[in-house]
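Whatever order the structure lists ligands and atoms in, that order sets their numbers, starting from 1.
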Amino acid sequence: MMQNAILWWSSLYVRLMFVFWPCASAGNQCHIQNEMADCSHLKLTQIPSDLPKNITSLDISHNQLRQLDPANLTKYSQLVYLNAGYNIISKLQPELCQNVPLLQILKLEHNELCKLPDRVFASCTNLTELNLGYNRLNIKNDPFKTLKNLNILDLSHNSLKSANLGLEQQLEKLHELMLGGNQITELKKEDFSFLRNTSLNSLDLSSNPLKEFHTGCFHTIGNLFGLVLNKVELGENRTKKLCTELSNTEIRNLSLSRVKLSYIGKSTFQGLQGTNLTILNLSQNSLSLIENDSFQWLSSLQYLNLKINNIHVSSRLFYGLSSLKHLNLINSLSGKIEDFSFHWLYHLEYLIMDNNNFPGITANMFTGLNNLKYLSLCNCNINLQRITNKTFSSLTNSSLQVLNLTKTRISTIESEAFSSLGHLKILDLGLNEISQQLTGHEFKGLNNIQDIYLSYNKNLTLQSESFIFVPSLRKLMLRKVGCSNLELSPSPFHHLRNLTVLDISNNNIANIKEDLFDGLDKLDILDLQHNNLARLWKHANPGGPVLFLKGLPNLRILNLKSNGLDEIPVQVFKGLFQLKHLDLGSNNLNLLPATLFDDQASLNSLNLQKNLITSVEEKVFGPPFRSLRKLEMDSNPFDCTCESIAWFADWLNETQADIPGLRSQYICNTPPKYHGSLVLYFDSSACKDSAPFKLLFVISTTIVMVFIFVVLTIHFEGWRIAFYWNVLVNRILGFKEFERHQEQYDYDAYVIHAREDKNWVSKNFMSLEKNNHFEIKFCLEERDFEAGVSEFEATINSIKTSRKIIFVVTEHLLQDPWCKNFKVYHALQQAVEQSRDSIILIFLEDIQDYKLYHALHLRRGMFRSRCILNWPAQKERISAFHQHLVMALKCQSKVH
Ligand SMILES: *[C@@H]1O[C@H](CO)[C@@H](O)[C@H](O)[C@H]1NC(C)=O
Ligand SMILES: *[C@@H]1O[C@H](CO)[C@@H](O)[C@H](O)[C@H]1NC(C)=O
Ligand SMILES: *[C@@H]1O[C@H](CO)[C@@H](O)[C@H](O)[C@H]1NC(C)=O
Ligand SMILES: *[C@@H]1O[C@H](CO)[C@@H](O)[C@H](O)[C@H]1NC(C)=O
Ligand SMILES: *[C@@H]1O[C@H](CO)[C@@H](O)[C@H](O)[C@H]1NC(C)=O
Ligand SMILES: *[C@@H]1O[C@H](CO)[C@@H](O)[C@H](O)[C@H]1NC(C)=O
Ligand SMILES: *[C@@H]1O[C@H](CO)[C@@H](O)[C@H](O)[C@H]1NC(C)=O
Ligand SMILES: *[C@@H]1O[C@H](CO)[C@@H](O)[C@H](O)[C@H]1NC(C)=O
Ligand SMILES: *[C@@H]1O[C@H](CO)[C@@H](O)[C@H](O)[C@H]1NC(C)=O
């Protein structure tokens, strides 16, 4: 009843919440943070009036505003940034900024503005950036003349027919003017006179149908440092005219990409002679013919981009580019490159020649590039199958530091192939088809090398000496090179004391020795993923697990993904105190030994995804989880029971660590009750509730077990306890009256036997008595009992006056009631008083212990072995039996 009532009330409450909640929010769904309001993409038609008054930034872009009324901005007088782009604003009111005097950035791109009313920006004096791109504007009446602080003005993609934005001189602070994508067909002499006092870093006139540059058109600009004319159909004639117009300007940066400049003549750039042009972009022009000495005018040029053209490199092509530092020739060459073509470029530092086809590297191809630092020939089809000691001999005098030869179809590296590159620091030979044994001589002469990339080659066979000539190596990449056998002694990495990164992943390595990484004190990153190392860590591995990670004190990142690992020896990560990132994903790990990660207390990320882990227990994962920032343990068959997962579920609910897929990929597999549910939702409180019960269970079990043990002990060993107890009591309390000295005994032994065994007794004991040698006297009932004394009394007396008591045990004795009760009782009494040695058992038949106990309350175990005698079946052993009996009779009766 109670429960139902609560349910009903709570569901009603939830429903009421949903009814009233939208009203409470009053339609304002803007995202507000630190005085910035983001109201973009909300289909708004007006500026919301309920934003905090003190916002400095308002993004109202991507909505459906039709106008931007200054009145609507009254509340937000602190605005510095206003983005109203991507709306349908077709009209602006005068004095747009009158209520937002602090506005610095105004973005109105992608609207439907056709006209700017007079005085629209009159109050926007603090504006530094104004974006009016992608409207339909035509400019009249100097609308920008008040923008004394404007740095950037974007009017691209409008309907401008002229670059003339005003008659008066204005925009003194302008740096960038974007006029691309308009309908400007000519630049008249006075068009830019409004920029008379302006220093433009960039004037962008791209994508205009420019046909004519009138004389002096650029000279009216205060200073013009950068000009972008991409996608303007210039061709050779207009390019030449342009350069003439640019002569004696401050031009530094000229971009002429996609201007249909297929031919460059000797005088095309002549106009630039007097300039300090430093950057020239001529990419994507289908350039095929460049006359000799065409660049002679550009002695200040530092960056030349000729990307994506079709140029034949002749020996005087680069003549005069004496300042060039950076030459981009990506996908731009055709035919052969003549020897000494580059020797004009004695300041060249970066030569990038990726994606080209040419017949090959000739003997003097790079001669003269004495300042070259970086050479990239990636993905070139240049017959580089064999690298010999001649291939790069033209760079002997250079100080090349980086050589990138990826994807150049190299198959063989000959001895000392790079010996002319003694300054080289980075050599990239990845993604080739190298197939050879590395003897070490390949890299001889690379005295300053730091990084060698050999990843993704066909078949590299390593040997101990493979890197003997490059002890300065810091980074060695050998991913997927087919070096499956690294069981080498000494290790090929033995000399690489400065190595910090080693990648030998994807090699199907199955055999390595324990000392493979010995001495790599500085190793920081070790990649071993996608190998076959499972056997090495198996318990059953002949010679024990191979602990190849020892002696890597500075290892920070270790990748062991996809190695088929199903066992991890507990010592394997010991000593790796610096480990921050450990990847054990995609293996077959199930149970990890406790304390495995105890040295990894500063681990930042751990990957154990796609294993067979069922339980995540504190004794294994407590230490490494302490400082973890990222855990990837998804896709394991978690066992959602208290013992296996409770601790983990609690940790997941509390941790700040990043756990991708926590709400989708951490799923219980067992028990059936939880199959398919999220580990995160495992209710560990049930486990905690059971804790007291568990304790109770343990205690009660212990009590029951102890009780059962005591009962069983008493049952089976009780006689022994009772016996010793009696002995002990008698020892302590003393039964002085019974103590006698040896000589006080009349007989050596009183013999208890059944009537039926009389004959055996007479025969054997009398014969013993007769033997003078032994001097033994038995007390035999038939012979020695005094006449007239009751048997009862006689028995007691005889027992008392005999030193020992002999039981002749037969089935008959067990049946004899007289023996059973009285005699045995007294014999035992005697034994207790004197010593357990005082009783001797002689078995004439094989009598089981339980029968003996049942009948006489005696057990073999009560007596010393020398006091238990068996009547031998064989005649020849009888004398030995006698000997044995005499020994038993003569020995001291004492409890020890
Ligand atoms: C801006 O106003 C909000 C309340 O509207 C206030 O919480 C915040 O502290 C104010 N920020 C500043 C910088 O005054
Ligand atoms: C915006 O201004 C218009 C015209 O001045 C007015 O009708 C409208 O209510 C204002 N909207 C807001 C949200 O202030
Ligand atoms: C421009 O901003 C400054 C503060 O940054 C302010 O003092 C000045 O009045 C503003 N200019 C105008 C015209 O409002
Ligand atoms: C370029 O100018 C030359 C003469 O200066 C003329 O012969 C040639 O036809 C022009 N080319 C184009 C494409 O206009
Ligand atoms: C080119 O640079 C030099 C040195 O920096 C300078 O003296 C000269 O005036 C510059 N020329 C032009 C046209 O800017
Ligand atoms: C290049 O190797 C050849 C043998 O292959 C040798 O004769 C020649 O001297 C070497 N040249 C240089 C510059 O080391
Ligand atoms: C070599 O060039 C390739 C392709 O551009 C690039 O991916 C690689 O990072 C470069 N190698 C080096 C060492 O910079
Ligand atoms: C790899 O090269 C070694 C010799 O360097 C050769 O014995 C082995 O068969 C080669 N393996 C493959 C797969 O080509
Ligand atoms: C290893 O690095 C140290 C320190 O950067 C340097 O002094 C030493 O010369 C390097 N060893 C080799 C063999 O290059």
Would you tell me whether [X] and [Y] have side-chain atoms, one donor and one acceptor, within less than 3.5 Å of each other?
X	Y	result
Asp339	Thr362	yes
Ser207	Asn230	no
Ser505	His530	no

[X]/[Y] aromatic ring centres below 6.0 Å:
X	Y	answer
Trp344	Phe295	no
His495	Phe467	no
Phe318	Phe342	yes

Which residue and heavy atom of the protein sit nearest [atom], plus the separation:
atom	result
atom 2 (O) of ligand 4	Asn237 ND2, 2.2 Å
atom 1 (C) of ligand 7	Asn404 ND2, 1.4 Å
atom 8 (C) of ligand 8	Asn459 ND2, 3.7 Å

Heavy atoms of the protein only: does one fall short of 4.0 Å from [atom]?
atom	answer
atom 14 (O) of ligand 8	yes
atom 11 (N) of ligand 7	yes
atom 4 (C) of ligand 4	no

task: Ignoring angles and geometry beyond distance, decide whether Ser376 reaches within less than 3.5 Å of ligand 7 through its nitrogen or oxygen atoms.
output: no

field: Nitrogen or oxygen atoms of Tyr453 and ligand 7 under 3.5 Å apart
entry: no

query: Numbering the atoms of ligand 8 from 1, which are under 4.0 Å from a heavy atom of Thr461?
result: 2 (O), 3 (C), 4 (C), 5 (O)

field: Residue Asp428 vicinity, atoms of ligand 7 by number, heavy atom under 4.0 Å
entry: 1 (C), 8 (C), 10 (C), 11 (N), 12 (C), 13 (C)

- request: Would you mind listing which atoms of ligand 7 come within a distance below 4.0 Å of any non-hydrogen atom of Ile426?
  value: 13 (C)

query: So which of Asn532, Asn563, Leu533 actually passes side-chain contact (heavy atoms from CB on, under 4.5 Å) with Ile509?
result: Leu533

- prompt: Per the side chain to side chain donor-acceptor pair (under 3.5 Å) rule, which among Lys475, Gln529, Lys480, Arg479 passes with Asp503?
  reply: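 Single side chain to side chain donor-acceptor pair (under 3.5 Å) partner of Asp503 among Lys475, Gln529, Lys480, Arg479: Arg479.
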
